[in-house]
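Fair warning: this is a prediction, and the values are worked out from it, not measured in the lab. Numbers here are sequence positions counted from 1. First listed ligand is number 1; within each ligand, the first listed atom is number 1.
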Amino acid sequence: MRYDLAKSGNGLTYEIRNIVNVAKLLEQHGVEICYENIGDPVAKGEIIPDWMKETIADLVKSNNMTFAYCPTKGDYDVREFLAERTNARGGVQITKDDIIFFNGLGDAIARAYSSIRVDARVMLPEPTYSTHLLAEVLHASFPPNTYRMNPYNNWAPDLNELEKKVESHKSIVGILVINPDNPTGYVHTEDDLRRIVNMAKEHDLMLIFDEIYLNMVYNGKKTIALSDIIGDVPGIAMKGISKEFPWPGARCGWMEVYNADKDEAFSRFVNAILNQKMAEVCSTTLPQMSIPHIMNHAMYTTYLNERLKHYEKLSNIAYNMLKDCPYIVVNRSNGAFYMSVVFNEAVLNKNQKLHIPIKEVRDIVDKMCEDKMSHDKRFVYYLLGATGICVVPLTSFFTSIPGFRMTLLEKNVEKFEQTVKTIKEKIVEYVESGSC
Ligand code: PLP
């Protein structure tokens, strides 16, 4: 090329997908991989029920417009339907014009942060779901501002830290809350959420609540939607169908904008998002149009509840098996479908290993681990080589706390028990394999 045309990266990678490249390489050398890295229920064997497939097939057959472009913000009737659902909760009231569809919530996230001025920053939880962090850091080209989710307090957010940073960092314009949380499985309490809303009100901030897992809460926990408590604070709730239907391949998510009329700067920000969307014409039509038909289907709630029961079961199996494991801290997940395991301070070092039976695989992993890498990533690579279990290092969710995230998506309960049992054995074997 005439000159080096590629934009320089910021050094951050999306490890949830990156680890798959390593897994695929090891697969070629005979390792049977158990994918525990990505939150895709369908890829983990969720059978889409016939009624859902038939609902979508009927829609395709009966409505030619499912093949057409739709309005930039999304189909009118669908936005009307979603606005009515939110209004029926009795909190903040919206119209269809306050809803904007995107090609997956990942797209909404990217567009939201890229519409923010470079010097204006959003406080993120730590650890945080990678797409938010990558988009926020990409927009600012500076390290993120974060508040800690505390593994020694069931992953509850450190709201004192949040408040202190909000007060002292004048560049902060908003707070992100992921509820329920990815990667921790934490479900925020109503009291904490109300405190965050009050903080935003007091300091003139906007709120971004990623609620893609809002209807995926179990173990008797309860939480509350942003729309229920936001009052007159400007904010955006981000929602989608990837996890709940589940239909991640549909690439369909949306923003609900609250109180755009109450703050001019916030309203200009929402317009900047919309202008980006207009340049792209619109988002995927068919998945949008299916939403009222699927959510109103007589089987929908029953189906979702069955899935939640399964996640609850797996959450308890994993917690009960791992809670007495030395060298780690675990918390019971009460929402979404992830569990994050944290290594105790200073138990990991760069001399530890797991025995990998296949020589070629052992050579590959040993070689990879010669590179400078975080201690938890090294554990994850050895676990992958030795057992085929593919989890994601916790530090790739942008925290300095070493650990890993696994999912609660396995359909076969016995296989899941075996996986957790193996993980437990390998944690001990790995930590005890090498001293500093
Ligand atoms: N937000 C959170 C918290 C997620 O965990 C995910 C996907 O894992 C997304 C957003 C992105 O969802 P989508 O498939 O709609 O892009």
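Rounded to the nearest 0.5 angstrom, Arg111 CZ and Phe102 CZ are separated by 7.0 Å. Separation of atoms CD1 (Ile317) and CG (Leu322) is listed at 11.5 Å; rounding is to 0.5 Å. Taken to the nearest 0.5 Å, the NZ atom of Lys243 stands 9.0 Å off from the CE atom of Met216.
In this structure, Ile178 is part of the shell of residues with a heavy atom less than 4.0 angstrom from ligand 1. Look at Phe102 and you'll find every heavy atom at least 4.0 Å from all atoms of ligand 1. Heavy atoms of Gly240 stay at 4.0 angstrom or farther from ligand 1. Look at Met238 and you'll find every heavy atom at least 4.0 Å from all atoms of ligand 1.
Of the protein's heavy atoms, Leu105 N, 2.7 Å lies nearest to atom 15 (O) of ligand 1. For atom 1 (N) of ligand 1, the closest non-hydrogen atom on the protein side is Asp210 OD2, 2.6 Å. For atom 8 (O) of ligand 1, the closest non-hydrogen atom on the protein side is Lys243 NZ, 2.7 Å. The single protein non-hydrogen atom nearest to atom 14 (O) of ligand 1 is Ser242 OG, 2.6 Å, given as residue, atom name and distance. What sits closest to atom 12 (O) of ligand 1 on the protein, heavy atoms only, is Ile212 CD1, 3.5 Å.
Polar contact check, Gly104 against ligand 1: no nitrogen or oxygen pair lies under 3.5 Å apart. In terms of polar-atom proximity, Ile109 is not counted as a contact of ligand 1, lacking any N or O under 3.5 Å from an N or O of the ligand. For the pair His132 and ligand 1, the shortest N or O to N or O distance does not fall below 3.5 Å. In terms of N/O distances under 3.5 Å, ligand 1 is not approached by Asp107.
Heavy-atom contacts from other residues, nucleotides or ligands closer than 6.0 Å to NZ of Lys313 number 12 or fewer. Residue Lys421 qualifies as open at atom NZ: its count of foreign heavy atoms under 6.0 Å is 12 or below. Atom NZ of Lys170 has more than 12 heavy atoms from other residues, nucleotides or ligands within 6.0 Å.
No side-chain donor-acceptor contact under 3.5 Å links Asp210 to the backbone of Leu176. Judged purely by atom type and a 3.5 angstrom limit, Ser290 has no side-chain atom pairing as donor or acceptor with the backbone of Ile56. Under the 3.5 Å distance criterion, the side-chain polar atoms of Asn63 are left unmatched by any main-chain donor or acceptor of Leu59.
Of all atoms in ligand 1, listed by their number and element, those nearer than 4.0 Å to a heavy atom of Asn182 are 4 (C), 5 (O). Short contacts between ligand 1 and Gly106, defined as distances under 4.0 Å to a heavy atom of the residue, involve ligand atoms 11 (C), 13 (P), 16 (O). Near Tyr213, with a cut-off below 4.0 Å to any heavy atom, the atoms of ligand 1 are 3 (C), 4 (C), 5 (O), 8 (O).
Salt-bridge annotation for Lys164 and Glu161: absent, with no side-chain N of the basic residue lying under 4.0 Å from a carboxylate O of the acidic one.
In summary, of the residues considered (Asn179, Asn334, Asp192), a side chain to side chain donor-acceptor pair (under 3.5 Å) with Thr223 occurs for Asn179 alone.
Looking at Trp247, Trp254, Tyr129 and measuring to atom 9 (C) of ligand 1, the nearest heavy atom belongs to Tyr129.
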